[in-house]
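Only one structure is covered here, and it is reproduced in the block below.
Quick caveat: nothing in here was measured; it's all calculated off a predicted structure.
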Amino acid sequence: MSNHNPFGYIDNTKTNISHLKVWFTAGMGFFTDAYDLFVIGIILVILNKLASPSFPVTTYYSSLLASSAIVTAILGQLTFGRIADIVGRKKVYGVEATILAIGALMSAFSPNIYWLLASRFLMGFGIGGDYPISATIMSEYSPRKDRGKMVSLVFAFQGIGYGVAVIVGLISVYLFPASIAWRILAGFGAIPPAIVIYYRRKIPETPRFSLLVKHDKEEALKAASFVGGNISTTQVKSKDYSITEFLRNYGLLLLGTSLPWLLMDIALYGTGVFSSPITLAILGGSKGLRADVLRAGIPLLIGIPGYFLAAAFIDKIGRKFIQLMGFAMMSILYAVISASIIASGTKIAGFLIPTELAYILFGLTFLFINFGPNTTTFVLPSELYPVKYRTTGHGISAASGKVGAAITTFLFPFLLKFYGLKPILELLAVVSALGFIITLVLLPEPKMKSLEEVSKEKLEVYEKPITA
């Protein structure tokens, strides 16, 4: 075994233009992922007003449309996550963006609800594939002191994505009839992935995968030079684990990166995709299509600064602290809003606080989701697993999150209809508290540590030392 880390030169580089190229290319995928996942909430508002027989928006179809892309995202995360640890990150990078673009275009030209569902199923597979690969590529290229920030900023494109979804939604319903507006919203999601497909294919394989898994020292040196770094001259490889050995060494960690993501996505996707009926329940009566789109979008917009607050502080105060703080604030805010509701059956009869305050508190839940577990659950699995299992670990963790998202987006309309908002918010307060406890018990802090140190990477020298 070797304690020598050949990537010290990369870890100690300064963030430069090549890092920023990787960041932008990875981030544009997340822009699209978020746009496509959250825009369906706005599309549902428009289709509900349109009342077309080809696009019925019953509780059943609303649930299917909201959860369709999320279900196949789970398959994409697991599939691409495992493949990228076997054949490499580069070989599959760009494939998922192509699938995304095709699915978005098909959605825009859907002749009926079934075509739209099928299109979103396809699109979801591409969305899922983007999670483990983009996170890992950014993590493996980033300097140690900025790694949390760089991976967080990739994820911050999610906030821009759903912010743009609100803006494009508003512009569409102002300028076009409802029958065209929703198609523009769907089709817009094809543009960003189409732009970055070429650039994703041009990014070199990461130096860590090249050296430790492919054992290709020349490719590793070339990849290191891409970001202005180097690798030392010891030829090493990453240790193989059987499934039993992996679970013995990383099983609890896998629970620690997976369960908080599942719990967080239950809150995020339930309240995010169905922001419109929640704001309607809080503020009362519909004010028309344009006002409904705006009122549903404002809480999501309040949350956007959270991404950048997380990126600014993640390498200073740590991933674990931010995740704990976020879950704690989510639990408190959900509990306060719920306690203020005066319920009459499933309906809201009034509030113990001004409704405007309840609406702002609802917006603040998104701020602390993003300046909290929504960002950190994405960053942590890109750091905590060894190189041969990094995208696999990230894919499993992300898929766990999407299981939570699929459950909540499918059940939320039924829960809202049969139980009302108050018990849903009480449940989310408990869910957030569970996320806090699991984070506290199971997760380490990777701040300012090399990937090899924090993942307990076991490196084996398998030939005589080489010279660069």
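- Between Tyr385 and Thr257, the side chains place a donor N or O and an acceptor N or O closer than 3.5 Å (distance only, hydrogens not considered).
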Evaluation steps, side chain to side chain contact (heavy atoms under 4.5 Å, CB included), between Asp11 and Glu452: CA-CA 10 Å; Asp11 284 341; Glu452 287 65 41; 4.3 Å; yes

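- The main-chain N or O of Tyr198 is never found under 3.5 Å from a side-chain atom of Lys202 such that the two would form a donor-acceptor pair.
- Closest non-hydrogen pair, Phe368 versus Pro373, comes out as O-CD, 3.7 Å.
- Atom CD1 of Ile70 and atom CD1 of Ile127 lie 8.5 Å apart (nearest 0.5 Å).
- Rounding to the nearest 0.5 Å gives a distance of 9.5 Å between CZ of Phe366 and CE of Met330.
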Residues Thr136, Tyr93; criterion side chain to side chain contact (heavy atoms under 4.5 Å, CB included); working and verdict: CA-CA 11 Å; Thr136 298; Tyr93 206 37; over 6 Å; no

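- Residues Phe125 and Leu100 are not in side-chain contact: their nearest non-hydrogen atoms beyond the backbone lie 4.5 Å or more apart.
- Salt-bridge annotation for Glu219 and Lys214: present, with a side-chain N of the basic residue lying under 4.0 Å from a carboxylate O of the acidic one.
- Looking only at distances, a side-chain donor or acceptor of Ser340 sits under 3.5 Å from a matching main-chain atom of Ile337.
- Every residue meeting the side chain to side chain contact (heavy atoms under 4.5 Å, CB included) condition with Ile195, not counting sequence neighbours, appears here in chain and number order: Ile191.
- Within the 4.5 Å cutoff, no side-chain heavy atoms of Tyr35 are placed close to those of Pro193.
- Side-chain N or O atoms of Ser455 include none that pairs as donor or acceptor with a backbone N or O of Leu384 at under 3.5 Å.
- Nearest heavy-atom pair across Pro444 and Leu380 is O-CD2, 4.4 Å.
- For Ile86, the CD1 atom counts as densely surrounded, since its 6.0 Å shell holds more than 12 non-hydrogen atoms of other residues, nucleotides or ligands.
- Side chain of Glu460 to main chain of Lys239: no donor-acceptor pair is present (N/O by atom type, distance under 3.5 Å, no hydrogens or angles).
- Gly306 and Leu367 get closest at one heavy-atom pair: N-CD1, 3.5 Å.
- At most 12 non-hydrogen atoms from other residues, nucleotides or ligands lie less than 6.0 angstrom from CZ of Phe321.
- The closest side-chain heavy-atom distance from Phe327 to Ile438 is not below 4.5 Å.
- Rounding to the nearest 0.5 Å places CG of Leu333 at 12.0 Å from CG of Leu428.
- Taking the side chain as every heavy atom from C-beta outward, Ile137 and Thr206 approach each other to under 4.5 Å.
- Partner of Glu383 under the salt bridge (Lys or Arg N to Asp or Glu O under 4.0 Å) criterion, chosen from Lys320, Lys449, Lys447, Arg319: Arg319.
- Across Gly126 and Ile99, no two heavy atoms sit closer than the pair N-CG2, 3.7 Å.
- In summary, the side chains of Gln323 and Thr377 do not present any donor paired with an acceptor at a separation below 3.5 Å, with no hydrogens or angles considered.
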Side chain to side chain contact (heavy atoms under 4.5 Å, CB included) evaluation trace for Leu364 with Leu361: CA-CA 5 Å; Leu364 288 176; Leu361 293 177; 4.1 Å; yes

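- No hydrogens or angles considered: a donor-acceptor pair under 3.5 Å links the side chains of Asp130 and Ser134.
- Ring-plane geometry between Phe378 and Phe30 is classed as perpendicular, the angle between the planes exceeding 60 degrees on a 0 to 90 degree scale with a lower cut at 30.
- The nearest pair of heavy atoms linking Leu451 to Glu140 is CD1-CA, 3.8 Å.
- Looking at Lys145 and Asp315, no side-chain N of the basic residue comes within less than 4.0 Å of a carboxylate O on the acidic one, giving no salt bridge.
- From Leu411, atom CG reaches atom CG of Leu416 across 12.0 Å, with rounding to the nearest 0.5 Å.
- For the residue pair Asp216/Ser210, the side-chain donor-acceptor check at 3.5 Å is not satisfied.
- The aromatic rings of Tyr241 and Phe246 sit perpendicular, their planes meeting at an angle over 60°, well past the 30° parallel limit.
- Contact detail for Ile184 and Ser172: the closest heavy-atom pair is CG2-OG, 3.7 Å.
- At least one side-chain heavy atom of Tyr359 sits under 4.5 Å from a side-chain heavy atom of Ile282.
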Side chain to side chain contact (heavy atoms under 4.5 Å, CB included) between Lys402 and Asp265, worked out: CA-CA 7 Å; Lys402 289 298 172 283; Asp265 270 0; 3.4 Å; yes

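- Using modelled atom types, no side-chain atom of Ser275 and backbone atom of Gly272 make a donor-acceptor pair closer than 3.5 Å.
- Counting only distance, with no hydrogens or angles, the side chain of Thr408 and the backbone of Gly404 share no donor-acceptor pair below 3.5 Å.
- Atom CZ of Phe226 is surrounded by more than 12 heavy atoms from other residues, nucleotides or ligands within 6.0 Å.
- Looking at Arg390 and Arg89, their side chains come closer than 4.5 Å, going by heavy atoms from C-beta outward.
- The environment of Phe308 atom CZ is dense: over 12 non-hydrogen atoms of other residues, nucleotides or ligands sit within 6.0 angstrom.
- Within the model, atoms CE of Met28 and CG of Asp33 stand 11.0 Å from one another, a figure rounded to the nearest 0.5 Å.
- A distance-only check finds a donor-acceptor pair linking the side chain of Ser142 to the backbone of Met138 [under 3.5 Å].
- Asn16 places a side-chain N or O within 3.5 Å of a backbone atom of His19 that can act as its donor or acceptor partner.
- Side-chain atoms of Arg120 and Ile40, non-hydrogen and from C-beta on, do get closer than 4.5 Å to each other.
- The local environment of CD in Glu218 is sparse, with at most 12 non-hydrogen atoms from other residues, nucleotides or ligands closer than 6.0 Å.
- Between the Asn374 side chain and the Ile369 main chain, no donor and acceptor come within less than 3.5 Å of each other.
- Thr376 contributes atom OG1, which lies 10.5 Å from atom CZ of Phe371 (distance to the nearest 0.5 angstrom).
- In this pair, Trp23 and Phe157 present their aromatic rings tilted. The plane angle is within the 30 to 60° band.
- In this structure the side chain of Leu122 never reaches within 4.5 angstrom of the side chain of Thr72, judged on heavy atoms.
- Between the side chain of Glu426 and the main chain of Ser338, no donor-acceptor pair closer than 3.5 Å is present.
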